[in-house]
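We use all heavy atoms of the structure for the numbers below, so side chains are in, but hydrogens, waters and symmetry mates are not.
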Amino acid sequence: MNIAKKLEDKKLTICVEGRLDTSTAPELDEELKASLDGVEELVMDFTDMEYISSAGLRVLLSAQKAMNAQGEMTVTGVNDTVREIFDITGFTDILTIR
């Protein structure tokens, strides 16, 4: 998994490439925890993400809870495989997906 981030004023875009699973989720979780101070808009760009596991879903849920307190979070670039996982787990009701 590769993570790229871009901060513009109070908007943070995190691009995740590869697989977000048990072995890579802690890395994204740490990156988010270290980067969210002062952020009012978080965009998670999943254009190049291949797969997300339950561990990755937990990281997204944690980020969503943090952003509920300080702004908004949007998930973009979701492919069919990841969207199906979001549908099955009910995450389409929790996340703003564009």
Side-chain angles (χ1 to χ4, degrees):
M1 177 185 75
N2 291 317
I3 300 170
K5 65 181 185 176
K6 179 178 168 186
L7 182 61
E8 300 172 82
D9 195 27
K10 295 182 183 219
K11 176 183 178 181
L12 176 64
T13 302
I14 303 269
C15 299
V16 181
E17 177 184 334
R19 296 175 59 87
L20 182 54
D21 56 24
T22 328
S23 61
T24 58
E27 180 184 350
L28 179 60
D29 191 42
E30 288 302 314
E31 188 67 48
L32 286 166
K33 286 178 181 174
S35 304
L36 291 182
D37 275 350
V39 171
E40 293 178 3
E41 183 181 356
L42 174 62
V43 177
M44 301 293 295
D45 183 348
F46 287 174
T47 302
D48 295 317
M49 184 155 59
E50 301 164 7
Y51 172 78
I52 186 167
S53 74
S54 60
L57 292 174
R58 281 191 296 276
V59 172
L60 284 184
L61 186 58
S62 175
Q64 181 65 63
K65 286 181 180 178
M67 291 309 299
N68 283 345
Q70 66 191 59
E72 65 178 357
M73 179 174 122
T74 307
V75 181
T76 64
V78 176
N79 67 30
D80 290 341
T81 302
V82 173
R83 183 171 293 277
E84 183 178 359
I85 293 167
F86 286 166
D87 287 341
I88 291 168
T89 59
F91 270 65
T92 50
D93 297 330
I94 298 169
L95 304 173
T96 302
I97 303 169
R98 294 196 176 115

**Prompt:** Looking only at heavy atoms, which two atoms of Gly56 and Ala25 are closest? And how far apart?
**Reply:** N-CB, 4.0 Å
**Asked** Stepwise, does the side-chain contact (heavy atoms from CB on, under 4.5 Å) test hold for Val75 with Val82?
**Response** CA-CA 11 Å; Val75 181; Val82 173; over 6 Å; no
**Where at least one partner belongs to residues 27-37, residue pairs that pass salt bridge (Lys or Arg N to Asp or Glu O under 4.0 Å), sequence neighbours excluded** = Lys5-Glu31, Asp29-Lys33
Is the shortest heavy-atom distance from the side chain of [X] to the side chain of [Y] under 4.5 Å?
| X | Y | result |
| --- | --- | --- |
| Phe91 | Ile97 | no |
| Leu57 | Ile85 | yes |
| Leu60 | Ile52 | yes |

Can you list every side-chain hydrogen bond (donor to acceptor under 3.5 Å, both in side chains) pair that touches [range], not counting sequence neighbours?
| range | value |
| --- | --- |
| residues 49-71 | Gln64-Asn68 |
| residues 76-98 | Thr74-Arg98 |
| residues 15-26 | Asp21-Ser23, Asp21-Thr24 |

**Prompt:** Among all residues two or more places apart in sequence or in another chain, which pass the salt bridge (charged side-chain N to carboxylate O under 4.0 Å, His left out) test with Glu72?
**Reply:**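 Partners of Glu72 by the salt bridge (charged side-chain N to carboxylate O under 4.0 Å, His left out) criterion come out as none, since no residue qualifies.
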Let me check something: any side-chain donor-acceptor pairs from residues 41-49 under 3.5 Å, sequence neighbours excluded? List them with distances.
residue : atom : partner : partner atom : Å
Asp45   : OD1  : Thr47   : N            : 2.9
Asp45   : OD1  : Thr47   : OG1          : 2.5

